[in-house]
Participant: 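This is the structure, below, for whatever I ask next.
Every chain is numbered from 1 and lettered A, B, ... according to where its sequence line falls, protein lines coming before strand lines.
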There are 2 protein chains.
Amino acid sequence: MIHATNIIGNKWAPIIIYVLEERKLRFGQLVVFVEGISRKVLTEQLKELEQKKVVKRESFAEVPPRVEYSLTEWGKELLPILSQLCTWGAGISIDSDDEKNITIQKRV
Amino acid sequence: MIHATNIIGNKWAPIIIYVLEERKLRFGQLVVFVEGISRKVLTEQLKELEQKKVVKRESFAEVPPRVEYSLTEWGKELLPILSQLCTWGAGISIDSDDEKNITIQKRV
DNA sequence: AAAAATGGTAACCTCGATGTAACTAATGGG
DNA sequence: CCCATTAGTTACATCGAGGTTACCATTTTT
């Protein structure tokens, strides 16, 4: 678990993975799709995810340069889990009494 | 997903949830089981998880005081997901060529 | 000559998460 | 009277993730 949370336990990684899904995206597209991320942080995150074998990077020596990012097979295995996490997170927590704080008074 | 990662996306929350599993634990036991956590941070995390309805807190007005923590039903639903995440994280990433960086030279 | 497009990098700053150490309240035991 | 126990709290210090701004290299377009 420590390993898994090291990978997805930061602000942007889950979003990047979710956005990449089954397609290839260029750096510039990722900046747009991952709303709010700065270019610097996106660079860092992609580097980290690449090093951890979750993301694959393909660089084309053209002008202007082109770089495509996609998920590795291992990275794609994360998608259904993230999906579950998403469903769970959206679950309304029922406000039934037995879920609320209970303070039991007990004199001894 | 944002919601879910807000909950489990910090250093200790997943570990606390994993340790609590199906049992009730006292504050002092948690300090021991969650190795390396400080009492202050444990307090904060438990408060946060309680507020987010993942953890249930029962306080007994005894001396010395006794407080028991356990997962709510909603929190327990997280266990299988964390388990999957753990399995995934343990997966060896195959070093096959198609998972490595590819630099395609292409003159235009 | 200058701007536009692409994929970055470097220097710097901010802020929240985390850690440390000392302190509290209440009571029983020696 | 002093210590131990339990579950914290308070006042700091630190550390690293993330953000901001400016800049680079290369070629085509205006």
Side-chain angles (χ1 to χ4, degrees), chain A residues 2 5-17 19-20 24-52 54-70 101-108, chain B residues 2 5-17 19-20 24-52 54-70 101-108:
Chain A
I2 293 104
T5 56
N6 265 359
I7 294 176
I8 65 149
N10 68 46
K11 186 171 174 182
W12 297 109
I15 302 175
I16 293 173
I17 293 168
V19 159
L20 274 178
K24 287 182 206 285
L25 288 180
R26 305 180 56 171
F27 185 85
Q29 297 177 301
L30 279 169
V31 172
V32 177
F33 282 126
V34 182
E35 295 180 51
I37 200 171
S38 69
R39 303 148 72 73
K40 183 200 130 193
V41 173
L42 180 57
T43 305
E44 288 170 357
Q45 293 293 316
L46 287 172
K47 236 179 227 167
E48 207 177 311
L49 289 173
E50 188 197 350
Q51 190 199 325
K52 287 169 177 166
V54 175
V55 158
K56 180 166 57 175
R57 184 193 134 112
E58 297 173 83
S59 161
F60 300 86
E62 304 170 354
V63 166
R66 180 159 62 101
V67 180
E68 286 183 349
Y69 293 92
S70 56
N101 305 347
I102 298 169
T103 301
I104 296 171
Q105 303 297 333
K106 183 178 174 187
R107 291 270 157 239
V108 261
Chain B
I2 294 103
T5 55
N6 265 359
I7 293 175
I8 66 149
N10 69 45
K11 187 170 174 182
W12 297 110
I15 303 176
I16 293 173
I17 293 168
V19 158
L20 272 178
K24 286 182 205 286
L25 288 179
R26 305 181 56 173
F27 184 86
Q29 297 176 299
L30 279 169
V31 173
V32 177
F33 281 126
V34 183
E35 296 180 50
I37 200 172
S38 69
R39 303 148 70 74
K40 184 200 129 194
V41 173
L42 180 55
T43 305
E44 287 170 357
Q45 293 293 317
L46 287 172
K47 238 179 226 166
E48 206 177 311
L49 289 173
E50 188 197 351
Q51 188 199 326
K52 287 170 177 166
V54 176
V55 158
K56 180 166 56 176
R57 183 192 134 114
E58 297 172 83
S59 161
F60 301 86
E62 305 171 353
V63 166
R66 180 158 62 102
V67 180
E68 286 182 349
Y69 294 92
S70 56
N101 305 347
I102 299 170
T103 301
I104 296 171
Q105 301 300 332
K106 181 177 175 187
R107 292 268 156 241
V108 261

Participant: Closest approach to the side chain of A:T43, judged atom by atom: which nucleotide of D:dT27, C:dT9, D:dG18 is it?
Facilitator: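 Shortest atom-to-atom distance from the side chain points to C:dT9.
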Participant: The side chain of A:S38 is closest to which nucleotide in this list: C:dA26, C:dG8, D:dT20?
Facilitator: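 So the nucleotide nearest the side chain must be D:dT20.
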Participant: Within this structure, what is the CD-to-P distance between A:E62 and D:dT26, rounded to whole angstrom?
Facilitator: 16 Å
Participant: Rounded to the Å, how far apart are B:I7 CD1 and C:dA17 C1'?
Facilitator: 17 Å
Participant: Nearest to the B:W12 side chain among C:dG8, C:dT18, D:dT26, which nucleotide is it?
Facilitator: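 The answer is C:dT18.
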Participant: Counting side-chain heavy atoms from C-beta on, which of D:dA7, D:dG18, C:dG8 comes nearest to A:N10?
Facilitator: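 Nearest listed nucleotide: D:dG18.
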Participant: Mind calculating the distance between CG (B:L42) and C1' (D:dT9) to the nearest angstrom?
Facilitator: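 Rounded to whole Å, this separation is 14 Å.
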Participant: Which nucleotide sits closest to the side chain of A:P64: D:dG8, C:dT9, C:dT6?
Facilitator: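 Out of D:dG8, C:dT9, C:dT6, the nucleotide with an atom closest to A:P64's side chain is C:dT6.
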Participant: Kindly indicate whether the side chain of B:I8, heavy atoms from C-beta on, has any atom under 4.5 Å from the side chain of A:T5.
Facilitator: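 Of all side-chain heavy-atom pairs linking A:T5 with B:I8, none is under 4.5 Å.
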Participant: Output the single nucleotide from D:dG8, C:dG7, C:dG8 whose closest atom is nearest the side chain of A:P65.
Facilitator: C:dG7
Participant: Once rounded to the nearest 0.5 Å, what's the spacing between atom CD1 of B:I15 and atom CG of B:N10?
Facilitator: 9.0 Å
Participant: Once you round to the nearest 0.5 Å, how far does CG of B:L20 lie from CD of B:Q29?
Facilitator: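 The CG atom of B:L20 sits 10.0 Å away from the CD atom of B:Q29.
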Participant: Over how many whole Å does the gap from A:F60 atom CZ to C:dG8 atom C1' extend?
Facilitator: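 My rounded result for the distance is 17 Å.
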Participant: Expressed in angstrom and rounded to an integer, what is the separation of B:I37 atom CD1 from C:dT18 atom C1'?
Facilitator: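 Distance check: B:I37 CD1 to C:dT18 C1' gives 10 Å.
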Participant: Just the rounded figure in Å: distance from P of C:dG8 to CD of A:E48.
Facilitator: 16 Å
Participant: Does C:dT6 have OP1 or OP2 sitting under 4.0 Å from an N or O in the side chain of A:Q29?
Facilitator: no
Participant: Ignoring backbone atoms, test whether A:K47 places a side-chain nitrogen or oxygen under 4.0 Å from the OP1 or OP2 oxygen of C:dT9.
Facilitator: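 Yes, within the criterion.
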Participant: May I ask you to verify if any side-chain N or O of B:K40 is less than 4.0 angstrom from the OP1 or OP2 atom of D:dA13?
Facilitator: no
Participant: Between D:dG8 atom P and B:L30 atom CG, what is the distance in whole Å?
Facilitator: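 Going from B:L30 (CG) to D:dG8 (P), I get 10 Å.
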Participant: Between atom CZ in B:R57 and atom C1' in D:dT6, what is the gap in whole Å?
Facilitator: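 In whole Å, D:dT6 C1' and B:R57 CZ are 12 Å from each other.
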Participant: Which of these nucleotides, C:dG8, D:dG8, C:dT18, is closest to any side-chain atom of B:Q45?
Facilitator: C:dT18
Participant: What's the closest nucleotide to the side chain of B:V67 if the choices are D:dA7, C:dA26, C:dG8?
Facilitator: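 For B:V67, the side-chain atoms sit closest to D:dA7.
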Participant: Any N or O donor-acceptor pair under 3.5 Å from the base of D:dA7 to the side chain of B:R39?
Facilitator: yes
Participant: Tell me the closest heavy-atom pair linking B:R39 and B:F27, and the distance in Å.
Facilitator: O-CZ, 3.6 Å
Participant: Picking from C:dA26, D:dG8, D:dG18, which would you name as closest to the side chain of B:Y69?
Facilitator: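 So the nucleotide nearest the side chain must be D:dG8.
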Participant: By nearest nucleotide on DNA chain D, pick out whichever of B:E68 and A:E44 is the more 5' one.
Facilitator: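 Closest to the 5' end, via its nearest nucleotide, is B:E68.
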Participant: With a 4.0 Å cutoff (strictly under), does any side-chain N or O of A:R66 reach OP1 or OP2 of D:dT26?
Facilitator: no
Participant: Under 4.0 Å between a side-chain N/O of A:R26 and OP1 or OP2 of C:dG7, yes or no?
Facilitator: yes
Participant: Kindly determine whether B:L46 and B:V67 satisfy side chain to side chain contact (heavy atoms under 4.5 Å, CB included), including the steps that lead there.
Facilitator: CA-CA 11 Å; B:L46 287 172; B:V67 180; over 6 Å; no
Participant: State, to 0.1 Å, how close B:E68 and B:R26 come at their nearest heavy-atom pair, and which atoms those are.
Facilitator: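 Residues B:E68 and B:R26, closest heavy atoms: CG-CG, 4.2 Å.
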Participant: So, OP1 or OP2 of D:dG16: does either fall under 4.0 Å of a side-chain N or O from B:K11?
Facilitator: no
